[in-house]
Chemist: 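Provided herewith is a single structure, encoded as structure tokens, for subsequent inquiry.
Quick note: numbers below take in every heavy atom, side chains included, and nothing from hydrogens, waters or symmetry partners.
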Amino acid sequence: MSSLFPLVITLFFSMVHYLGYTRIVRHLHIKPHTRTALIFFLILNMGGIIGYLLSRYLLSPPKVIYFILSLSIGIGFILFMAIIVYEILHLLQRNLPFNPEKRIFFKRVTDIGFLGFGSAYLTASLLEGSKEPTVEFVDVNQNRFGGKSYRIVQISDMHIGGLIDKDFVAKSVSMINHLNPDIVTITGDLTDAHIDVIKDAVSELRHLKSRYGTFYVVGNHEYFHSLETTVDYVKTLGIHVLENSAVKIDDFYIVGVYDLFGFRTQTYLPDIGHAIKNIPADAPTLLLAHQPKYVEYLEGFAPSLILSGHTHGGQVWPFHYLVDLAQPYLKGLYPLKENRHIYVNSGIGFWGPPMRLGSNAEITCITWS
């Protein structure tokens, strides 16, 4: 599975770069030496994507090199969108009722604007992606605990590995501890490399402090890098790993399941029935499930509050439209039936390039009552 993923990514971006040349660069109203430079840039960027995938799975380059290589993935996604936009723009350029002289002028101006907008989009995404996570304070009032409340701090999608290093994890732990939580929850995609490579960074999580402890469920990315080894190491840090299991905490139960990706690999399959088999029917329950889509697999179980991640809030606009096709919820708090809710965390880290637009990295501080 881990070798198939980089192959698919390579084929996809190879097609994108080829179309970038045939559908954009060849048609731009620019000078020949500028066109040559853009062709060279496309070749260089595709090489950067291959280098990024190699560094992700086989190599360990210096952080600055890894950063540069990761940008190539972001540029590749922007190029994908640019192809669609330019097809529409090119259609306008050919069909507006202008005389030949005005048509040439219009094409030159719109081509320059197109390149300028793409540069601004990339810059804005990088600037937004470089910001520290924000703390999102959320109240979930369900009147379940007779006036009592619990402070739950949730993080998700940290993707430790590459640019998410020991310093990032240590700063995140400090921010979480400052919130004085009753419970810390980690809803998957904690790691994005084999645990042997990122042990020093992951070990910073042993410093998390809360009244009842830290609870973790795996996401789809743990399946790429020896899930069992990752889980075994995380347990040594004093973190409770919920593997289709539940734990009673004071007035409620906290439940956690494996990720839906297990159905693809046919390993570590989620099993909500097994997880809740010893929970009384009327007990308040907090469910940790990496993907919001897990609401479709509850088998009649009605958790009081669900915490999920996975979507990154779309990470970079307008990719949230693609996320919407696969997941029923994107980011934030959503009401469910019968005084129940789901909260989808936008992720504290990122996958691929350090880019965000229209979605901030977050630590969620939930007051549940």
Chemist: Which atom pair, heavy atoms only, marks the closest approach of T311 to Y329?
Modeler: CG2-O, 3.6 Å
Chemist: Do V184 and N177 have side-chain heavy atoms sitting under 4.5 Å apart?
Modeler: no
Chemist: Quick check on H274: does its NE2 atom have over 12 non-hydrogen neighbours (other residues, nucleotides or ligands) under 6.0 Å away?
Modeler: no
Chemist: Closest approach of Y223 and G262, non-hydrogen atoms and distance?
Modeler: CE2-CA, 3.6 Å
Chemist: So how far is it from Y343 OH to I306 CD1, rounded to the nearest 0.5 Å?
Modeler: 14.5 Å
Chemist: Walk me through it: do Y66 and Y52 pass the test ring pair (Phe, Tyr, Trp, His ring centres under 6.0 Å)?
Modeler: CA-CA 7 Å; Y66 191 91; Y52 172 81; 5.5 Å; yes
Chemist: Between D182 and R151 (side chain of the first, backbone of the second, donor and acceptor by atom type, cut-off under 3.5 Å), is there such a pair?
Modeler: yes
Chemist: Would you say the side-chain atoms of N244 pair up with the backbone N or O of V257, donor to acceptor, closer than 3.5 Å?
Modeler: no
Chemist: For the atom pair CG (L122) and CG (L71), what is the distance rounded to the nearest 0.5 Å?
Modeler: 7.0 Å
Chemist: Any non-hydrogen side-chain atom of L28 less than 4.5 Å from a side-chain atom of L38?
Modeler: yes
Chemist: Before accepting this row, confirm whether a basic side-chain N of the pair R144/D251 lies closer than 4.0 Å to the acidic partner's carboxylate O.
Modeler: no
Chemist: Is there a side-chain contact between H240 and T214 (heavy atoms, below 4.5 Å)?
Modeler: no
Chemist: CG/D157 to CG/L190 distance, rounded to the nearest 0.5 angstrom?
Modeler: 10.0 Å
Chemist: Give the C-alpha distance, both sets of side-chain angles, the deciding distance and a yes or no for side-chain contact (heavy atoms from CB on, under 4.5 Å) between T191 and E222.
Modeler: CA-CA 6 Å; T191 60; E222 280 88 344; 3.7 Å; yes
Chemist: Would T187 and Q154 count as having a side-chain donor-acceptor pair, cut-off 3.5 Å?
Modeler: yes
Chemist: Centres of the H159 and H312 rings: under 6.0 Å?
Modeler: yes
Chemist: I'd like to know if the side chain of S369 reaches the main chain of S149, judged simply by a donor and an acceptor atom lying under 3.5 Å from each other, with no hydrogens or angles considered.
Modeler: no
Chemist: Assess the pair H310 and H290: is the distance between their ring centroids shorter than 6.0 Å?
Modeler: yes
Chemist: Out of curiosity, T22 OG1 to L19 CG, how far, rounded to the nearest 0.5 Å?
Modeler: 5.0 Å
Chemist: Are F350 and M81 joined in one hydrophobic group, where the rule is that I, L, V, M, F, W and Y side chains link up if heavy atoms are under 4.5 Å apart?
Modeler: yes
Chemist: Is the backbone N or O of I30 less than 3.5 Å from a side-chain atom of T34, with the two atoms forming a donor-acceptor pair by type?
Modeler: no
Chemist: Assess whether atom CH2 of W317 is packed by more than 12 heavy atoms of other residues, nucleotides or ligands within 6.0 Å.
Modeler: no
Chemist: For a side-chain hydrogen bond (donor to acceptor under 3.5 Å, both in side chains) with N360, tell me which candidate from E136, E128, K131 qualifies.
Modeler: E136
Chemist: Before we go on, tell me: are the rings of F261 and Y268 under 6.0 Å apart, centre to centre?
Modeler: no
Chemist: Going by distance alone, is a donor N or O of one side chain under 3.5 Å from an acceptor N or O of the other, for Q315 and W351?
Modeler: no
Chemist: Does some side-chain heavy atom of V255 sit less than 4.5 Å from a side-chain heavy atom of L288?
Modeler: no
Chemist: Counting N and O atoms only, with roles assigned by atom type, does the side chain of N45 sit under 3.5 Å from a partner on the main chain of S72, one being a donor and the other an acceptor?
Modeler: yes
Chemist: Going from CD1 on I366 to CG on L333, what distance comes out if it is rounded to the nearest 0.5 angstrom?
Modeler: 7.5 Å
Chemist: If Ile, Leu, Val, Met, Phe, Trp and Tyr residues are connected whenever their side-chain heavy atoms lie under 4.5 Å apart, and connections chain through other members, are I186 and F224 in the same group?
Modeler: yes
Chemist: Taking K293 for its side chain and V295 for its backbone only, find out whether a donor-acceptor pair lies under 3.5 Å.
Modeler: no
Chemist: Considering all heavy atoms of both residues, which atom of S14 and which atom of M46 are nearest to each other, and what is their separation?
Modeler: OG-CE, 3.5 Å
Chemist: Are more than 12 heavy atoms, taken from residues, nucleotides or ligands other than F105, located less than 6.0 Å from that residue's CZ atom?
Modeler: no
Chemist: Under 6.0 Å from the NZ atom of K209, do we count more than 12 heavy atoms belonging to anything else shown?
Modeler: no
Chemist: Look at atom NE2 of H207 and say whether more than 12 heavy atoms of other residues, nucleotides or ligands are closer to it than 6.0 Å.
Modeler: yes
Chemist: Might you point out which heavy atoms bring I160 and I198 nearest each other, and give the distance in Å?
Modeler: O-CD1, 3.5 Å
Chemist: Does atom CD of E132 have more than 12 heavy-atom neighbours, drawn from other residues, nucleotides or ligands, at distances under 6.0 Å?
Modeler: no
Chemist: For a side-chain contact (heavy atoms from CB on, under 4.5 Å) check, start with the C-alpha distance between L287 and L298, then their side-chain angles and the critical distance, and finish with the verdict.
Modeler: CA-CA 10 Å; L287 172 64; L298 292 176; 3.7 Å; yes
Chemist: Between H221 and D192, is there a side-chain donor-acceptor contact under 3.5 Å, judged purely by atom types and distance?
Modeler: yes
Chemist: Find out if a path of hydrophobic residues (ILVMFWY) with successive side-chain heavy-atom gaps under 4.5 Å connects Y321 to V85.
Modeler: yes
Chemist: Test K199 against E204 for salt bridge (charged side-chain N to carboxylate O under 4.0 Å, His left out), laying out the working first.
Modeler: CA-CA 9 Å; K199 251 180 196 177; E204 288 295 316; over 6 Å; no
Chemist: Within a 6.0 Å radius of atom CZ on F117, are there more than 12 heavy atoms belonging to other residues, nucleotides or ligands?
Modeler: no
Chemist: Between R340 (side chain) and P335 (backbone), is there a donor-acceptor pair under 3.5 Å?
Modeler: no
Chemist: List the steps and the verdict of side-chain contact (heavy atoms from CB on, under 4.5 Å) for F301 and T285.
Modeler: CA-CA 10 Å; F301 175 50; T285 49; 3.6 Å; yes
Chemist: Any side-chain to backbone donor/acceptor pair from S70 onto I68? Under 3.5 Å, distance only.
Modeler: no
Chemist: Take T230 and Y216 through the side-chain contact (heavy atoms from CB on, under 4.5 Å) test and state the conclusion after the steps.
Modeler: CA-CA 12 Å; T230 298; Y216 162 59; 4.2 Å; yes
Chemist: Within the 4.5 Å heavy-atom criterion, are L307 and N345 side-chain neighbours or not?
Modeler: no
Chemist: Work out which heavy atom in S172 is nearest to a heavy atom in I348; give both atom names and the distance.
Modeler: OG-CD1, 3.5 Å
Chemist: Is any side-chain heavy atom of L205 less than 4.5 Å from a side-chain heavy atom of V234?
Modeler: no
Chemist: Just so I know, are the side chains of S304 and L286 near enough to count as touching, which here means a heavy-atom distance under 4.5 Å?
Modeler: no
Chemist: Can you confirm whether P328 sits close enough to Y334 that some side-chain heavy atom of one is under 4.5 Å from a side-chain heavy atom of the other?
Modeler: no
Chemist: Might you work through the ring pair (Phe, Tyr, Trp, His ring centres under 6.0 Å) test for F80 and F13, ending with a clear yes or no?
Modeler: CA-CA 8 Å; F80 172 71; F13 280 115; 8.5 Å; no
Chemist: Can you see which heavy atom on G314 is nearest to which on F319, and at what distance?
Modeler: O-CB, 3.8 Å
Chemist: Is the backbone N or O of L127 less than 3.5 Å from a side-chain atom of S130, with the two atoms forming a donor-acceptor pair by type?
Modeler: yes
Chemist: Is there a donor-acceptor pair under 3.5 Å between the side chain of S210 and the backbone N or O of G213?
Modeler: yes
Chemist: Below 4.0 angstrom, N of the basic side chain to O of the carboxylate: do R356 and E362 qualify?
Modeler: no
Chemist: In Å and rounded to the nearest 0.5 Å, what is the CD1 to CD1 distance from I249 to I254?
Modeler: 5.0 Å
Chemist: For this output row, return yes or no: ring centroids of F252 and Y150 closer than 6.0 angstrom.
Modeler: yes
